[in-house]
Amino acid sequence: MTAVAENGQAATQHMVRAEQIVKRFGSLTILNGIDLSVKHGQVVVIIGPSGSGKTTLLRCINHLEKIDSGRIYVNGELVGYRLVKGRMVESSEADIARMRAKIGFVFQRFNLFPHLTVLENIIEAPVHVLGQSKTEAKEYATTLLGKVGLAEKAHVYPHKLSGGQQQRVAIARALAMKPKLMLFDEATSALDPELVGEVLKVMRQLAEEGMTMIVVTHEMGFAREVADHVIFMDKAIIVEQGPPEQIFSQAQNERTRDFLGMIHEE
C-alpha cells in the first residue's frame with residue numbers, strides 16, 4: 001500500500017523528506033527550519049564547517065536525536081512519532097527500532113564489538129533483530145565481506161585490522177540489515193589519509209548500485225564525483241544546495257564560496 005502524506009500526495013516518491021526541522025540543545029539552536037528531500041537512489045552529500053548541524057541532521061533522520069519541531073518521513077513513514085488526533089506523539093521503542101532497522105548508519109568511529117570476530121560483528125543484528133538463522137546471516141555476511149574486499153578477514157578480531165578495514169567492516173555490518181537508506185557521518189575523517197581511498201571506493205560502489213545515501217563529508221573530490229545533489233550547511237541552516245557542478249564551480253552564496261576557498265587552501 002502506498003504511504004500517503006497528510007497533504008494527499010504520495011510520500012513514497014522521496015526516500016527522505018524533512019519539513020521545517022528545528023533542533024535545540026538548551027538555548028543553542030542546532031537546526032533552524034531545515035527542509036530536505038532525497039529521492040530513491042539519490043546520493044546527497046552535505047558539506048559545511050564543523051558545528052553547522054550536519055551530524056545532528058543525520059542523527060535526527062533515524063531518531064537518535066529527537067527533534068523539537070517539524071516532521072521527518074523515511075520511505076513515506078513518519079520517523080520517531082505518530083499522529084494522534086493531530087498531535088505528534090513519540091512512537092514506542094519497538095516502532096522506533098523497527099524503523100531504524102531499515103536505515104544503515106556508518107559513524108565516524110567504527111564501534112565494532114572488540115570481543116567478536118568480523119563475521120560475528122556482521123551477523124549480530126540480523127540474527128538478533130531480524131531473526132535470521134545464523135546460517136543465512138553468515139552466508140550474506142560472507143557475500144558482503146567480499147563486496148568490501150575483506151573476504152579473508154572473516155575470523156579476525158577488530159584490533160587486528162587497520163582503521164580503513166574496520167570502517168569497511170562497519171559498512172558491511174550496516175548493509176547486513178538490508179537497509180533502504182544509508183547514512184554516512186564523516187566515515188573517513190578518523191582514518192589516516194592513505195586509508196581514505198579504500199572506504200570511498202566502497203561508498204562509490206554503493207552509489208553506482210543505486211543505494212540511497214546521505215553523506216556528511218569533507219572529501220570534496222568524492223562530493224564532486226559521486227553526489228547527485230550537494231547541500232552546504234552553516235550556522236544551523238541550509239545556505240545553498242544544487243548539483244555538484246553548480247556548488248563547486250558557480251556557487252551563488254558568498255558563504256559557500258568562502259568555505260570552498262578555505263577547503264582548497266588546506
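Bear in mind the structure is a predicted one, so any value in this text is a computation, not a measurement. Worth knowing before you read on, the calculation uses all heavy atoms, side chains too, and leaves out hydrogens, waters and symmetry mates. Position 1 is the first residue of the sequence; numbering continues from there.
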Excluding sequence neighbours, so at least two apart, what forms side-chain hydrogen bond (donor to acceptor under 3.5 Å, both in side chains) with D185? T55
I'd like to check the salt bridge (Lys or Arg N to Asp or Glu O under 4.0 Å) partners of [X]; sequence neighbours left out, ordered by chain and number.
| X | result |
| --- | --- |
| R204 | E225 |
| E186 | none |
| R82 | none |
| K138 | none |

Taking ring-ring contact (aromatic ring centres under 6.0 Å, His included) as the definition, give me every residue that meets it alongside Y140, ordered by chain and number, with sequence neighbours left out. none
Residues which pass ring-ring contact (aromatic ring centres under 6.0 Å, His included) with F110, listed by chain and number, not counting sequence neighbours: none
Any non-hydrogen side-chain atom of [X] less than 4.5 Å from a side-chain atom of [Y]?
| X | Y | answer |
| --- | --- | --- |
| M220 | P244 | no |
| L150 | V118 | no |
| F184 | I171 | yes |

E254, CD atom: more than 12 neighbouring heavy atoms under 6.0 Å: no
How long is the straight-line distance from [atom2] of [Y] back to [atom1] of [X], given to the nearest 0.5 Å?
| X | Y | atom1 | atom2 | result |
| --- | --- | --- | --- | --- |
| I123 | L130 | CD1 | CG | 12.5 Å |
| I21 | L31 | CD1 | CG | 8.0 Å |
| I67 | E19 | CD1 | CD | 10.0 Å |
| M203 | E198 | CE | CD | 13.0 Å |
| L119 | L144 | CG | CG | 10.5 Å |
| T212 | K180 | OG1 | NZ | 9.5 Å |

What residue pairs, at least two apart or across chains, pass ring-ring contact (aromatic ring centres under 6.0 Å, His included) with a residue in residues 77-103? H63-Y81
With sequence neighbours excluded, give me every ring-ring contact (aromatic ring centres under 6.0 Å, His included) pair touching residues 202-238. F232-F259
Residues sharing V89's hydrophobic cluster, by side-chain heavy-atom contacts under 4.5 Å among ILVMFWY, directly or via others? V84
Is the backbone N or O of [Y] less than 3.5 Å from a side-chain atom of [X], with the two atoms forming a donor-acceptor pair by type?
| X | Y | value |
| --- | --- | --- |
| D192 | E194 | no |
| Q166 | L112 | no |
| E240 | T256 | no |
| K54 | G48 | yes |
| R168 | V148 | yes |
| N75 | M15 | no |
| R17 | Y73 | no |
| N32 | I237 | no |
| Q108 | S189 | no |

Between [X] and [Y], which heavy-atom pair has the shortest distance, and what is it?
| X | Y | value |
| --- | --- | --- |
| L260 | I247 | CD1-O, 3.3 Å |
| A174 | P179 | O-CD, 3.4 Å |
| L195 | G164 | CD1-N, 3.6 Å |
| L116 | E120 | CA-OE1, 3.4 Å |
| V43 | V226 | CB-O, 3.9 Å |
| M213 | L206 | SD-CB, 3.9 Å |

Show me the pairs that pass salt bridge (Lys or Arg N to Asp or Glu O under 4.0 Å) and involve residues 23-32, at least two apart or across chains. K23-E65
Can you tell me which residue pairs pass the salt bridge (Lys or Arg N to Asp or Glu O under 4.0 Å) test with a partner in residues 88-104, sequence neighbours excluded? K66-E90, E77-R98, E77-K102, D95-R98
Apply the side-chain contact (heavy atoms from CB on, under 4.5 Å) test between M233 and each candidate in V216, V239, I34; give the one that qualifies. I34
